[in-house]
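Notes follow once the structure below has been shown.
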Amino acid sequence: MTPLFELCLRMGDTTLILAQRVSEWCGHAPVLEEDIALANVALDLIGQTQLWLGLAGEVEGQGRDADALAFRRDAGAFRNLLLVERPNGDFGHTVMRQFLFDAWHLPMLRALAGSTEPRVAAIAQKAEREVAYHLERSADLVIRLGDGTPESRGRMQTALDALWPWAGEAFAGDAVDAALAAGGIAPDPASLRPAWNETVDSVLAEAMLSRPTGAFFHRGGRAGRHTEHLGHLLAEMQFLQRAYPGAEW
Amino acid sequence: MRAPVDEIWAWLSELPDPEIPVLSLTDLGVIRDVVWRGEVLEVTVTPTYSGCPATAVIEMDIEAALRRRGIARVVLRRQLSPPWTTGWITEEGREKLRAFGIAPPVAGTAASGRIAALAGARPEVACPRCGSPDTEEISRFGSTPCKAQWRCRACLEPFDYFKCH
């Protein structure tokens, strides 16, 4: 597998799994406007998934399209960040996960927009505009809920503490990243850390939340080692195509 | 039959956007290029939002319309770069949106992801119904990916705002 193929899977699997998680909220959000917002964010992420996994299939050249990659791979073949497979928890937990992700996603796309691989740059330029709206929304909600009632602040701090050890994986590079960075195709993951820190610190300060101090983080998602949650998610997401391969309507 | 490209553009300008039918596809700015390659007509289309379900319908509508006009061989090409922006909506399209009850995008107010901008700055959007500038955002997301929900404090009507993108 080439580094470019890996990059497309890492981006596309991450947006796909988060889109599936966010979609679980459809019809369940605390207010109608947030239900609509969650569905819109999920839709953007699914659109980006189609582009990333479509390019993955093209690069691989084995005849697999975005649907085949999304619906007919098992957990071990997925390359998403572990953060996005975390269960939704309460609304505050979902918002915090989205914020920690968006704060990485936007600078990542901005770096990819200057990729030496034109197909990667085109997808990133397209997605970047959508993700700027995602980050503004999730940051706004973290501030409103953190700097809210004692109940909402308590829930946001609990969510932040619980999700923190899952956020660091995005900045830990491996041999694939080194090859991509050497070719100017993708940034060194560690180079995105300052932008993420700046966003996270300013929003948490505004939200009256305490940044956790722990440096430990879980890793493995980008190498196909996942938590038990991914298998359950895939069982639901892939059911139809597993039961009726190639079904269309 | 090889119809002149100008005539084909005129045909395409009659096709409505599937989600906001008051706009034509050319008003929306999603058709990038129309060119004959031998006996095959190539139409280049760009998506608005990457997940917008209208994109597939738009492509089907274009193909069906051109076949009805007698063009047998049509190839649709999807082009991502440079990405679509609301700046490509025509002046006529913006007026059609307003008349339909959707406030057109305010240039230069696309999301930047800058947290400092969250505090106060919202675009000044005039109510498409009564024209009052006394309006407020209800939610950054609305009934389609391209719209936000707003409310007029003067006439008290809620309305859609076509987000700057």
Side-chain angles (χ1 to χ4, degrees), chain A residues 15 19 31-52 54-55 99 102-103 105-107 109-110 113 118-119 121-144 195 198-203 205-206, chain B residues 19 30 32 44-56 58-59 77-88 105 108-123 136-151 158 160-165:
Chain A
T15 52
V31 292
L32 181 59
E33 286 77 10
E34 282 310 313
D35 206 291
I36 292 169
L38 286 161
N40 269 290
V41 169
L43 182 64
D44 284 344
L45 292 170
I46 288 170
Q48 294 164 20
T49 301
Q50 286 173 332
L51 299 174
W52 287 122
L55 178 55
F99 169 65
D102 293 341
H105 199 196
L106 186 60
L109 291 171
R110 288 195 168 147
R119 293 170 295 178
I123 296 173
Q125 286 162 19
K126 182 88 203 145
E128 180 197 329
R129 293 156 180 252
E130 296 162 0
V131 170
Y133 274 104
H134 300 178
L135 176 59
E136 289 192 2
R137 167 178 170 273
S138 61
D140 190 34
L141 282 172
V142 166
I143 292 167
R144 284 204 270 166
E198 196 189 322
T199 304
V200 167
D201 287 344
S202 63
V203 169
E206 193 81 14
Chain B
E19 282 184 358
V30 294
R32 286 283 174 77
T44 305
V45 179
T46 193
T48 52
Y49 282 70
S50 55
C52 187
T55 308
I58 286 173
E59 291 178 351
R77 215 165 63 82
R78 206 179 279 195
Q79 184 181 316
L80 289 181
S81 181
W84 175 84
T85 151
T86 45
W88 295 352
T109 61
S112 64
R114 269 184 297 110
I115 304 306
L118 287 176
R122 291 278 186 272
E136 63 183 347
E137 183 183 86
I138 301 171
S139 172
R140 200 55 79 84
F141 293 83
S143 56
T144 63
C146 54
K147 287 181 285 185
Q149 300 174 64
W150 281 62
R151 161 166 57 210
D160 276 336
Y161 165 57
F162 202 116
K163 282 184 282 202
C164 183
H165 191 72

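Lettering of chains follows the sequences in order, A, B, ..., and the numbering in each one begins at 1.
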For [X], is it the side chain, the backbone, both or neither that has a heavy atom under 4.5 Å from a heavy atom of chain B?
X        : answer
A:Arg144 : neither
A:Leu45  : neither
A:Ile46  : neither

If we only count heavy atoms from C-beta on, is the [X] to [Y] side-chain gap below 4.5 Å?
X        : Y        : value
A:Glu130 : B:His165 : yes
A:Lys126 : B:Pro47  : yes
A:Ile36  : B:Gln149 : yes
A:Arg129 : B:Thr85  : yes
A:Leu43  : B:Pro53  : yes

For [X] and [Y], which heavy atoms make the closest approach, and how far apart are they?
X        : Y        : result
B:Ser112 : A:Leu106 : O-CD2, 4.0 Å
A:Glu136 : B:Ala111 : OE2-CA, 3.5 Å
A:Ala122 : B:Leu80  : CB-CB, 4.1 Å
B:Ser50  : A:Leu51  : CB-CD1, 3.8 Å

Under 6.0 Å from the CD atom of A:Glu198, do we count more than 12 heavy atoms belonging to anything else shown? no
Item to complete: For the pair A:Asp44 (side chain) and B:Tyr49 (backbone), establish whether a donor and an acceptor sit closer than 3.5 Å, ignoring hydrogens and angles.
Response: no
Open item on the list: For B:Phe141 and A:Tyr133, take the angle between the two ring planes, folded into 0 to 90°, and tell me which bin it lands in: parallel under 30, tilted 30 to 60, perpendicular over 60.
Closed with: perpendicular
